[in-house]
Number of protein chains: 4
Amino acid sequence: MAGTSAASSRSDAVRNRRLLLDAAAAMFAEHGVEVSIGEIAQRAGVGKGTVFRHFSSKDELLAAIMLGLLGELNDTGGALLAADDAGLALRRFMTACVETFVRDRAFCETVGRPSLQHAQVREAIHRLCEVAEALTARARQEGAVRPGITGIDVVLLVSGIQHTAEPLLAAEPEAWRRYLELAIDGITTDTGRALPHPPPRHLPLAETGATAASPGAPDPGGDPPRARRPAP
Amino acid sequence: MAGTSAASSRSDAVRNRRLLLDAAAAMFAEHGVEVSIGEIAQRAGVGKGTVFRHFSSKDELLAAIMLGLLGELNDTGGALLAADDAGLALRRFMTACVETFVRDRAFCETVGRPSLQHAQVREAIHRLCEVAEALTARARQEGAVRPGITGIDVVLLVSGIQHTAEPLLAAEPEAWRRYLELAIDGITTDTGRALPHPPPRHLPLAETGATAASPGAPDPGGDPPRARRPAP
Amino acid sequence: MAGTSAASSRSDAVRNRRLLLDAAAAMFAEHGVEVSIGEIAQRAGVGKGTVFRHFSSKDELLAAIMLGLLGELNDTGGALLAADDAGLALRRFMTACVETFVRDRAFCETVGRPSLQHAQVREAIHRLCEVAEALTARARQEGAVRPGITGIDVVLLVSGIQHTAEPLLAAEPEAWRRYLELAIDGITTDTGRALPHPPPRHLPLAETGATAASPGAPDPGGDPPRARRPAP
Amino acid sequence: MAGTSAASSRSDAVRNRRLLLDAAAAMFAEHGVEVSIGEIAQRAGVGKGTVFRHFSSKDELLAAIMLGLLGELNDTGGALLAADDAGLALRRFMTACVETFVRDRAFCETVGRPSLQHAQVREAIHRLCEVAEALTARARQEGAVRPGITGIDVVLLVSGIQHTAEPLLAAEPEAWRRYLELAIDGITTDTGRALPHPPPRHLPLAETGATAASPGAPDPGGDPPRARRPAP
DNA sequence: CATGAATGAGGCTTCATTCAT
DNA sequence: CATGAATGAAGCCTCATTCAT
């Protein structure tokens, strides 16, 4: 019903997109990926249809938020490459990463999982690993981390740190610092002994049918590759 | 007691119960707690109703599986208390824990989360923390772990290790050993510096209002305690 | 598994039937016809299958109980036919009826409803109406009830009295006496004015396909004939 | 408020809501509260989900219908308070009530039962009792009803009248008039004898623990308060 | 004969997504 | 463009009845 005059459709849309991203970011952060589109729309003060006008699916919306956060981390990491103290830079990068994880439930559920369907998110995670690798390499050369530690290790660790601290966070929001410190100690101290498993070369990010899976056999039972356990 | 009940004596029922537990264990392990009762029943080769004959709800079934796994770990930990080398005993306990986590997606989603509704599971986790504390205390006295590390730290860490390695496991099922080693190095090496956050006193396990819930924080709107981030 | 010797199968069965009838009577009385077979079996201390050995369906079991109660009322009514004071006899019959209704939730839900499928129950209700008619006729002749009141009226009224008092019974178990008195006053006092609707000739008891309904058209949408209400 | 909400403004939604209410009213009237949401949706020609868009649960839908009917009766009663002939006004009120009961199976199953969970429905029934009391009081002063008859008596009686006539209604839709007349005669004629039970003070409407529930009777095992009969 | 295990249809409810207004 | 109404698949759970032990 037209409504308040011949509204400036363009700027309205821009504003709505902003409202939507903010609302979705907050809701995903608080409630995780399971939050319903309806709740996000309500928080944004728009209709549910508007969500789908701006984002073709819930996954796209989620991806947009995640890309924003990943972008921030990539920027942070990039800036830290210019720091003098490589060890401190790495520590700051890891701190920034854990803070992001700790703040955002959906980020935890999305990043570092092999079930990532979204190409751009995979790409951004890949870049994050590269940034982490660059920072780690500098720290390695400086002797600030033990040999064999890679950027992927670092990215995986920050995700794990959040998970470690998770049960405590409601009562003690800063508890993650304890486990970050432990992890940094773990990758810093050179015990002389080699780690029992070679460093990961790359982060395997699931693809629905890319290289290996022939399109004719799309894994009908389909599921994120996980779990073994032989029948007992 | 509820649901799990005593013995069903009849041989076919026992067999079906076994089939059911195995199927549920496998499905929960592979697909996590979200797997549907229908799929479990199908895998077990029984009707949906049969699941509910043996377990009064999906939660009871899940709890039965989780209690089994937690029981195994508790037994393992208990046995290791008799070992000579306390440091090695702790390592073996942590290894056993991570192996369980790594094998079982639902275990990861259930244990160490603050949203545990099931009293017996909470109790078993509590016992796991006590076993971990006993093992850790011995290792601490022996100097095998740095001061201030507690059993709860250990339990939280093994959960985090699984999470850290998770993206690699499909391609490299033993990758968790790398991160377990890092974590053990982290809690072993005494850097002299104190950790930035005091050790956790207890694992906060959600309760609907039972014993511990302070009357001042009734959380009426109810939600898994999680997430910060004020509205932007 | 034979068990405790070569049990006297005959007397066992008799005993079980008794246990079952008592348990079913109590459960139907307390919880109404919706009570589950499982609960009845449990209360009787027998297996669910035993219920179906003795009664081919839940309806048969229900009918057996109802027939017992109806039989008692018929006997009571029959005995009262020999009483001197016909008015008092009728009052006593009605009192006995209401007491039965008030004691038994399933009796209320079953008797006097047009949805009675069970031939023997229909027959017993029919007999109850005849007994009521005999008592009423005597009272009418004696001038103890106004003209035009029939046995069917009486049977319908006692059912209605229970229903009237129902909401009060939990708090005041004897409240039905108030409404029984009102009803008796209603059928006793001759106002001189004729009642606005002719006395019912017979109690229409539903049949699933007896006389009218051709077996080829078994009322597929099937439902107790009830309710009109044109679209408003 | 809940569920029913304000206006839906959009014309198709309004139309569907209307269709839904009509369909639900008809189905509840015909088949009682046990009718399934699926059947209601089908009758309305909408999807099952649409029902839940308009009403947050089956209970809310039922309550909406019941509140409508109770509202009509309350309005009718209120208007009759202005009538000259208080006795006639009461008769007309009772007639309107019975007509509503007789038309609607769910209304019978809902109103006057102690198992009412819905606060607004309880409230509306309470108001109905007040209206009935006002009408009855006027009739009492006028000598049109015998002493001691209350509004609650009247409300209970109309419910009982429906129940009395129920078995006849399919064959003789107006048969209730006979029993209404009897009931009116019962409460009109002053026999001089006091009724055997004191008039009900209030209609006990089940509450989960709200206002009136005496702390001494918390009914922990929970069950619709009903049934006596000790275990045999 | 008795048991209680298994079945499976059917009920309520949620939610991503589509589409008429 | 925005809206929010409609959809329908899917999930959990109950229970009368059948049947292997």
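Every chain is numbered from 1, with letters handed out A, B, ... down the list of sequences. Hydrogens, waters and symmetry mates play no part in the numbers below; they use all other heavy atoms, side chains included.
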To check you understand the geometry: which heavy-atom pair defines the closest contact between B:Leu21 and B:Ala64, and what is its length?
CD2-CB, 4.4 Å
Without decimals, in angstroms, what is the distance between A:Gln42 CD and E:dC15 P?
12 Å
Length of the CZ-P vector between A:Arg18 and F:dA2, whole Å:
16 Å
Taken to the nearest whole Å, CZ/A:Arg17 to P/F:dA2 is 12 Å
I want to verify a distance call: between E:dT14, F:dT3, E:dA6, whose nearest atom is closest to the B:Arg53 side chain?
E:dA6
Please step through side chain to side chain contact (heavy atoms under 4.5 Å, CB included) for the pair D:Ile65 and D:Phe107, ending with a clear verdict.
CA-CA 9 Å; D:Ile65 309 282; D:Phe107 194 77; over 6 Å; no
Gap between atoms CG and P, on B:Leu19 and E:dA5 respectively (whole Å):
15 Å
Kindly compute the distance separating NE2 (A:His118) from CG (A:Leu67), expressed to the nearest 0.5 Å.
6.5 Å
Indicate the atoms forming the closest heavy-atom contact of C:Ala106 with C:Leu62, along with that distance.
CB-CD1, 4.2 Å
Dot-bracket for DNA chain E, 5' to 3', Watson-Crick and G-U pairs with both distances under 3.5 Å, [ ] for crossing pairs, | for partner on another strand, reads .||||||||||||||||||||
What pair of heavy atoms forms the shortest contact from C:Ile37 to C:Phe52, and how long is it?
CG2-CE1, 3.7 Å
May I ask you to decide if B:Val33's main-chain N or O and B:Glu109's side chain share a donor-acceptor pair within less than 3.5 Å?
yes
Is a side-chain N or O of A:Lys58 found less than 3.5 angstrom from the main chain of A:Ser36, in a donor-acceptor match?
no
Separation of B:Ile40 atom CD1 from F:dC12 atom C1', in whole Å?
12 Å
Integer-rounded Å distance: F:dC12 C1' and B:Leu61 CG:
13 Å
Tell me, do C:Glu30 and C:Val35 make a side-chain contact under 4.5 Å, heavy atoms counted?
no
Starting from P on E:dC1, measure out to CZ on C:Phe55 and report it in whole angstrom.
14 Å
Taking the nucleotide of DNA chain F with the closest heavy atom to each, which residue, C:Val33 or D:Asn16, is nearer the 5' end?
D:Asn16
Between protein and nucleotides 8-11 of chain E, what N or O pairs are separated by less than 3.5 Å?
none

Within the structure, does a side-chain N or O atom of A:His54 lie under 4.0 Å from either OP1 or OP2 of F:dC1?
no
Only counting residues at least two apart or in another chain, list the ones meeting side-chain contact (heavy atoms from CB on, under 4.5 Å) with C:Ser57.
C:Asp59, C:Glu60
To the nearest Å, how far apart are C:Phe52 CZ and E:dA6 P?
17 Å
